[in-house]
Student: 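This is the structure I have questions about; it appears just below.
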Amino acid sequence: MASRSIAIIGAGPGGLTLARLLQLHDLPCSIYEAEENREERNQGGTLDLQPRAGQRALKEAGLLEEFRKYSRPEGEKDKIVLYDGTVLWDENEQDNHGPEELTNRPEIDRTQLRQILLDSVKPESIRWSKKLVRVEAVQGDQYNLHFEDSVEEGFDLVVGADGAWSKVRRLLSAATPFYSGITVVELWARDVEKANPALSKYVGDGSMFMFDEGRAIISQRNGNNCIRTYACVRQPESWVKTCGIDWTQHNAAKQALLDRYFANCSSDLKHLVLDSSEGLIPRILYMLPIGYKWDTCPGVTLLGDAAHLMTPFAGVGVNLAMADALDLASELVSRKEGRVAKLFSDKHNITSAIGAYEKSMYERGEKYAQKTWHGLQAHFSATGGRERAEKIRKHAAARNVA
Ligand SMILES: Cc1cc2nc3c(=O)[nH]c(=O)nc-3n(C[C@H](O)[C@H](O)[C@H](O)COP(=O)(O)OP(=O)(O)OC[C@H]3O[C@@H](n4cnc5c(N)ncnc54)[C@H](O)[C@@H]3O)c2cc1C
């Protein structure tokens, strides 16, 4: 039983970081993932890992060197333009923009980060094609997991790392994510340096942002010479279905999107959408209430997006998920006192570990949910670009003084 006592639902960055940290300390756990295998889904764009969150978790997990092999420090460079193409800030143009000017938040492709984490956990501990339907509380503070095709019984601790639409969350509260007001259409262009050098140069080494009232275009260089573009609009939740754009018609849909929402933008900005030959995936962005909490439940907790889903407008989601994993692992490991059996011998150990973890997670989650909400308001305003450029300029000046 001890080897099956901890169940982690979801093999995203949060769940995998937790599994790695527990296994490093000889705490056995099983990870249940809905996807069929590691290749099933394109895992999405690029993520920046912060020194005190994502990078700290990787360091504790013994994976920082592996991360550095694939991370892109130059991906931190920002470029900010107005809708008419006026450049407000461009770190690609700064000749002296070397590593010392960067803020140690290197980018890494999401797929790459997941591979590093997947390769670090015991292969036999991951169960693919296990889509959780519900968690059942049974006598003696134990839990049974009901999957689409089976039931696994008798867990002492269930960690919901199952993202935005967490099924584990349902056992803790009735809260569900609500629409943030923003929908993003994701596109990408491959092999840009060869196939489209102008697009490649326009975006630069990192991220290019255009923020404006009710709309934004964000383009980010990913690894493998790919540029991912997000055309974002503030529209009702039903917009994807009701706007009249036929999303199955790639070229016509891109043109309609531009004509309706970005008509007065510069030609360079329009080309970011027009020249992206893949993707066109609408993503309706949801969030949990800021400061979302639940009553501590012995043997069940959440981490990452399952606990504090927010929009990507402060770029912190993955960092929070990994910091959560680190905190929860530390609380569990510190109650093990050298023996796995010690952790599970007294139910109070698990409950107090969860309570201590949730306290720090709530504080961190609320702080960044607030910041993200402010980011969303600012980005989708007419002054958003200028404000962001000014903020970066001040930070850069402060770094230079320091
Ligand atoms: C467009 C976009 C851009 C973003 N950019 C950034 C950024 O630049 N920086 C940043 O820090 N964050 C960013 N984020 C947020 C970041 O991707 C998330 O916060 C992060 O992935 C959360 O990690 P997680 O492990 O909690 O959840 P997830 O990554 O969502 O992983 C959850 C896992 O659980 C599995 N799962 C789900 N349901 C079940 C089930 N019922 N049974 C079993 N398994 C299940 C899923 O398949 C998945 O593998 C962005 C998000 C979006 C949408």
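As the structure lists them, so they are numbered: ligands from 1, and atoms in each ligand from 1.
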Student: Looking only at N/O atoms, are L132 and ligand 1 under 3.5 Å apart anywhere?
Tutor: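 Yes, L132 has an N/O under 3.5 Å of an N/O on ligand 1.
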Student: Checking the N or O distance criterion of under 3.5 Å, is ligand 1 in contact with P312?
Tutor: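 N/O-N/O distance under 3.5 Å: no.
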Student: Quick one: look at N319 and ligand 1, take heavy-atom pairs under 4.0 Å, and tell me if it's side chain, backbone, both or neither.
Tutor: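 The part of N319 near ligand 1 is both the backbone and the side chain.
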Student: Between S266 and D268, do the side chains contain an N or O donor and an N or O acceptor separated by less than 3.5 Å?
Tutor: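 Short answer, no.
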Student: Under a 3.5 Å threshold, yes or no: a donor from one side chain and an acceptor from the other, between S352 and R335?
Tutor: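 There is such a pair between these side chains.
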Student: My understanding is that we take every heavy atom of each candidate and find the minimum distance to atom 20 (C) of ligand 1. Doing that for E107, E33, R110, E35, which one comes out nearest?
Tutor: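 Looking at heavy atoms only, the winner is R110.
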Student: Take every heavy atom of V184, measure it against each atom of ligand 1, and state whether any distance is under 4.0 Å.
Tutor: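 V184: no contact with ligand 1 (<4.0 Å).
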Student: Quick check: does L47 get an N/O under 3.5 Å from an N/O on ligand 1?
Tutor: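 Checking ligand 1 against L47, no N or O pair falls under 3.5 Å apart.
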Student: If you count the atoms of ligand 1 from 1 in the order shown, which ones are under 4.0 Å from a heavy atom of K130?
Tutor: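 Those atoms are 42 (N), 43 (C).
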Student: Can a donor-acceptor pair be found between the side chains of Y32 and E152 at a distance below 3.5 Å?
Tutor: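 Short answer, yes.
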Student: Regarding E390 and W89, do their side chains bring together a donor and an acceptor under 3.5 Å, going by distance alone?
Tutor: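 On atom types as modelled, these side chains do not qualify, holding no pair under 3.5 Å.
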Student: I need the contact type for R114 against ligand 1. Using non-hydrogen atoms and a strict under-4.0 Å cut-off, is it side chain, backbone, both or neither?
Tutor: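 Within the 4.0 Å criterion, R114 contacts ligand 1 through side-chain atoms alone.
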Student: Check ligand 1 against A161 and write out every atom of the ligand that is under 4.0 Å from a heavy-atom position of the residue.
Tutor: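 Matching atoms, with element in brackets: 32 (C), 33 (C), 34 (O).
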Student: For the residue pair R388 and F211, would you count it as a cation-pi contact if the rule is NZ or CZ under 6.0 angstrom from the ring centre and within 45 degrees of the ring axis?
Tutor: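 No, R388 and F211 do not form such a contact.
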Student: Under a 4.0 Å threshold between the charged nitrogen and the carboxylate oxygen, would K77 count as salt-bridged to D90?
Tutor: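 Result for this pair is no, no salt bridge flagged.
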Student: With a cut-off of under 6.0 Å to the ring centre and 45° to the axis, is K79 in cation-pi contact with Y202?
Tutor: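 Judged by the rule (NZ or CZ under 6.0 Å from the ring centre, within 45° of its axis), K79 counts as positioned above Y202.
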Student: Please indicate whether any nitrogen or oxygen in D305 is less than 3.5 Å from any nitrogen or oxygen in ligand 1.
Tutor: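 Yes, since at least one N or O of D305 sits under 3.5 Å from an N or O of ligand 1.
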Student: What do you reckon, does V318 have a nitrogen or oxygen under 3.5 Å from a nitrogen or oxygen of ligand 1?
Tutor: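 Among all N and O atoms of V318, at least one is under 3.5 Å from an N or O of ligand 1.
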Student: Taking only Lys NZ, Arg NE, NH1 and NH2, and the carboxylate oxygens of Asp or Glu, determine whether D149 and K130 approach each other closer than 4.0 Å.
Tutor: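 Yes.
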Student: Under 4.0 Å from a heavy atom of I9: give me the atoms of ligand 1 that qualify, with their elements.
Tutor: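 By the 4.0 Å cutoff, the relevant atoms are 42 (N), 43 (C).
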Student: Please compare G14, G315, A321, A325 and report which has the shortest non-hydrogen distance to atom 9 (N) of ligand 1.
Tutor: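 Of the listed residues, G315 has the closest heavy atom.
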Student: Using a strict cut-off of less than 4.0 Å between a Lys/Arg side-chain nitrogen and an Asp/Glu carboxylate oxygen, indicate whether R283 and E186 qualify as a salt bridge.
Tutor: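 Salt bridge flag = yes for E186 with R283.
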Student: G317 versus ligand 1: do any nitrogen or oxygen atoms come within less than 3.5 Å of each other?
Tutor: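 The answer is yes, given that G317 and ligand 1 share an N or O pair closer than 3.5 Å.
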Student: Counting from 1, what ligand 1 atoms have a heavy atom of G163 closer than 4.0 Å?
Tutor: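 Per the distance check, 27 (O), 30 (O), 32 (C).
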Student: Show which atoms of ligand 1 fall inside a sub-4.0 Å distance from at least one heavy-atom site of K167.
Tutor: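 This gives 41 (N) as the contact atoms.
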Student: What part of P13, side chain, backbone, both or neither, has a heavy atom within less than 4.0 angstrom of ligand 1?
Tutor: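 The answer is both, backbone and side chain.
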Student: Any luck finding a side-chain donor-acceptor pair between N196 and D275 under 3.5 Å?
Tutor: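 Result is yes, a qualifying pair exists.
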Student: Which of the numbered atoms in ligand 1 are under 4.0 angstrom from any heavy atom belonging to V316?
Tutor: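 In order of number, 10 (C), 11 (O).
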Student: Does one side chain, of S207 or Q220, offer a donor that lies under 3.5 Å from an acceptor on the other?
Tutor: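 Side chains of S207 and Q220: pair found under 3.5 Å.
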Student: Taking NZ, NE, NH1 and NH2 as the nitrogens, is one of them in E193 or R221 under 4.0 Å from a carboxylate oxygen of the other?
Tutor: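 Salt bridge: yes.
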Student: Under 3.5 Å, is there a donor-acceptor pair between the T248 and D246 side chains?
Tutor: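 Yes, D246 and T248 have a side-chain donor paired with an acceptor closer than 3.5 Å.
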Student: Look at ligand 1 and say whether T46 reaches it with a heavy atom at a distance under 4.0 Å.
Tutor: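 Checking ligand 1 against T46, which is what was asked, there is a heavy-atom contact under 4.0 Å.
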Student: Would you say G304 has any N or O atom under 3.5 Å from an N or O of ligand 1, going by distance alone?
Tutor: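 No; the residue has no nitrogen or oxygen that sits under 3.5 Å from a nitrogen or oxygen of the ligand.
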Student: With a cut-off of 4.0 Å, which atoms of ligand 1 are near a heavy atom of Y32?
Tutor: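 Near Y32, meaning under 4.0 Å from one of its heavy atoms, ligand 1 has 43 (C), 44 (N).
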